[in-house]
Amino acid sequence: MSDIHIEPYEKTLQVRYRMDGSLYKSMNLPLSIKNALNSRIKIMSQLDITERRVPQDGRIRIKLGRNRAVDFRVSTLPTLFGESIVLRILDKSSLNVDLTKLGFEKETFTTLQRCIERPQGLLLVTGPTGSGKTVTLYSVLNSLNSEDTKILTAEDPVEFNFKGINQVNVKKEVGMTFPAALKAFLRQDPDIIMVGEIRDMETAEIAIKAAMTGHLVLSTLHTNDCPATIGRLVDIGIPPFMLASAVTMVLSQRLARKLCVHCKEEVPMPPKEELIALGFNENDFEKEFVIYGPKGCQKCNGGGYKGRVGLFELMEITDEVAKAISAEVPEDQLRKIAVQEGMTPLRRAGVKKVIEGVTSIEEILRRTVITEESLPAYLVHPDIEEYEDGDFIIRQNNNDSDFFKLVIGAVSVVKDGKKIAEITEPGEYFGEMSAISGEPRSASITSKGRAKVKRFPGDKLQEVIQKYPDVASHLFKTVVNRLNQANNIIVKLANDRAKKPE
Ligand SMILES: [Zn+2]
């Protein structure tokens, strides 16, 4: 249970509670105890009992036994029929801050660990309200909390108190805003900083500056998925190149209700095409699986669900993703690249949980949207290839149109059996003329010693140009150079002819 709602209506005083994100009705209390109950709660939470016309916030701590205490955050709101009171239960013992138990897929978890172990950078967690962002951040902080690390947090408000972490409540009324807290933090020699939420340019700017000057900075944003988060920060006013170098990862998440393990039941398998349309893929059908749905029993109060599990989409800012961010590619393009770089989109994360029997299809349809329809059946993904001394990479007169970028080593250009040039500079391109013109190869390219090259598919030139701005700019330069060369020859011929005496 996470909240208790005490709501006055004309004829009743209703009590409801929230569990696993859903609201349940608990009881009706007699109206006669309304004032006494309100006053009691307000005294306990040190609120002004004479003030009934404006909202108030307070806190109650109740000791349970010697070592356990439960905190309640109390909020009052004057409504038509009296004050409505909501108690948010902040029970630390029910708070699961074990990163390994939040529901991460294995690969996503490995990536997450790699990102949080870096000494600096901005880590962003995104999702709508109630998607579990705070718990994820607390879990990350908890896993990084040690004696040799100084951690500072600015929260609105502090929900759970952790030993060894310096937590600060944001209070706008006294000027203690997120940016003000952040500025002060930087003078406190921290290693890790958490700022509750990035809402404005000022907070974003300081957070990014901190992330670029040796601090690990954690924060949240209200966005729907990882690529959209980058767009939001650009909209706020942060230059894309700065995001590309400061942001380490973006984690987008949702909470899905878990099927009750005592009563979940197998549902008839929908047709394969239907499942594919929902986000399942061909590989999923290699192994047999069953799909479960909710039934309802005493243990789950008849709802069929008990507990919740996180669905995670993690976009690591790899070199390729950073390049795309700097080049300001559109959001769906960024999503494609992130997927190629290993990101599991939210819907896919949900599908995996359905296959594991943890949740139902309805639940993931409610929590996630499908984004993969923007993905083409094939993906441009340049492969790295290795060649031994003398191997042919391109053969003269062949009609293939792939082109290459030298990664390591050197290659020779051979025309009609004679070596005419060498390419030794890593990063240089070769073979691109055939990709542009569609004409047969004018020369062979062979490996000189061992070489590593990146292969770009010539038949997907348009996509390559869209996705790799640096390749596109090189291709255009090549075309312009050739045109210039041709032009120079023509001009020279014309001049020579003009000089000839008639
Ligand atoms: Zn059940």
Side-chain angles (χ1 to χ4, degrees), residues 1-7 14-29 64 68 70 72 86-106 108-109 127-136 138-139 253-271 274-275 278-280 284-285 287-312 344 346-370:
M1 204 197 306
S2 63
D3 304 81
I4 301 168
H5 298 234
I6 305 165
E7 304 157 320
Q14 180 177 269
V15 179
R16 295 194 287 179
Y17 62 91
R18 189 177 294 281
M19 201 167 75
D20 298 335
S22 302
L23 210 50
Y24 298 91
K25 188 169 167 176
S26 164
M27 62 180 109
N28 279 333
L29 295 172
L64 302 169
R68 210 178 140 206
V70 176
F72 295 88
V86 176
L87 302 149
R88 159 67 56 94
I89 305 169
L90 309 170
D91 179 4
K92 210 170 151 188
S93 67
S94 75
L95 177 73
N96 180 6
V97 287
D98 184 346
L99 256 190
T100 60
K101 289 183 182 147
L102 298 179
F104 282 99
E105 298 293 330
K106 213 172 120 207
T108 309
F109 189 69
T129 307
S131 56
K133 300 190 290 279
T134 311
V135 172
T136 303
Y138 277 151
S139 306
Q253 70 174 85
R254 297 289 185 279
L255 287 177
R257 288 183 296 166
K258 279 203 251 183
L259 285 165
C260 169
V261 289
H262 302 284
C263 65
K264 68 177 180 183
E265 61 180 5
E266 204 178 321
V267 297
M269 186 64 99
E274 209 172 284
L275 290 176
L278 293 177
F280 286 70
D284 295 335
F285 298 95
K287 263 194 228 157
E288 265 189 47
F289 63 93
V290 289
I291 294 177
Y292 292 94
K295 187 175 173 227
C297 69
Q298 276 202 327
K299 295 230 163 79
C300 57
N301 288 326
Y305 293 96
K306 202 169 187 345
R308 286 189 288 178
V309 67
L311 308 177
F312 298 97
T344 305
L346 278 173
R347 173 57 65 82
R348 274 300 299 166
V351 164
K352 287 184 182 177
K353 291 277 181 282
V354 171
I355 293 173
E356 287 164 19
V358 174
T359 190
S360 66
I361 289 188
E362 300 79 62
E363 191 62 12
I364 65 155
L365 292 183
R366 270 181 66 183
R367 310 287 169 193
T368 63
V369 292
I370 190 157

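Atoms within a ligand are numbered from 1 in the order they appear, just like the ligands themselves.
- The Zn ion (ligand 1) is the vertex of the angle joining SG of Cys260 and SG of Cys297, which measures 110° to the nearest 10°.
- Residues Asp98 and Thr100 approach most closely at OD1-OG1, 2.7 Å, considering heavy atoms.
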query: How far apart are the C-alpha atoms of Thr136 and Gln253, what are their side-chain angles, what is the distance that settles it, and do they pass the side chain to side chain donor-acceptor pair (under 3.5 Å) test?
result: CA-CA 9 Å; Thr136 303; Gln253 70 174 85; 2.5 Å; yes

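- A 6.0 Å sphere centred on NZ of Lys353 holds more than 12 heavy atoms belonging to other residues, nucleotides or ligands.
- The side chain to side chain donor-acceptor pair (under 3.5 Å) with Thr368 is formed by just one residue from the set Arg347, Glu363, Arg254; it is Arg347.
- The SG atom of Cys263 and the SG atom of Cys300 subtend an angle of 110° at the Zn ion (ligand 1), given to the nearest 10 degrees.
- Inclusion of His262 in the first shell of the Zn ion (ligand 1) is not supported: no N, O or S atom falls under 2.8 Å.
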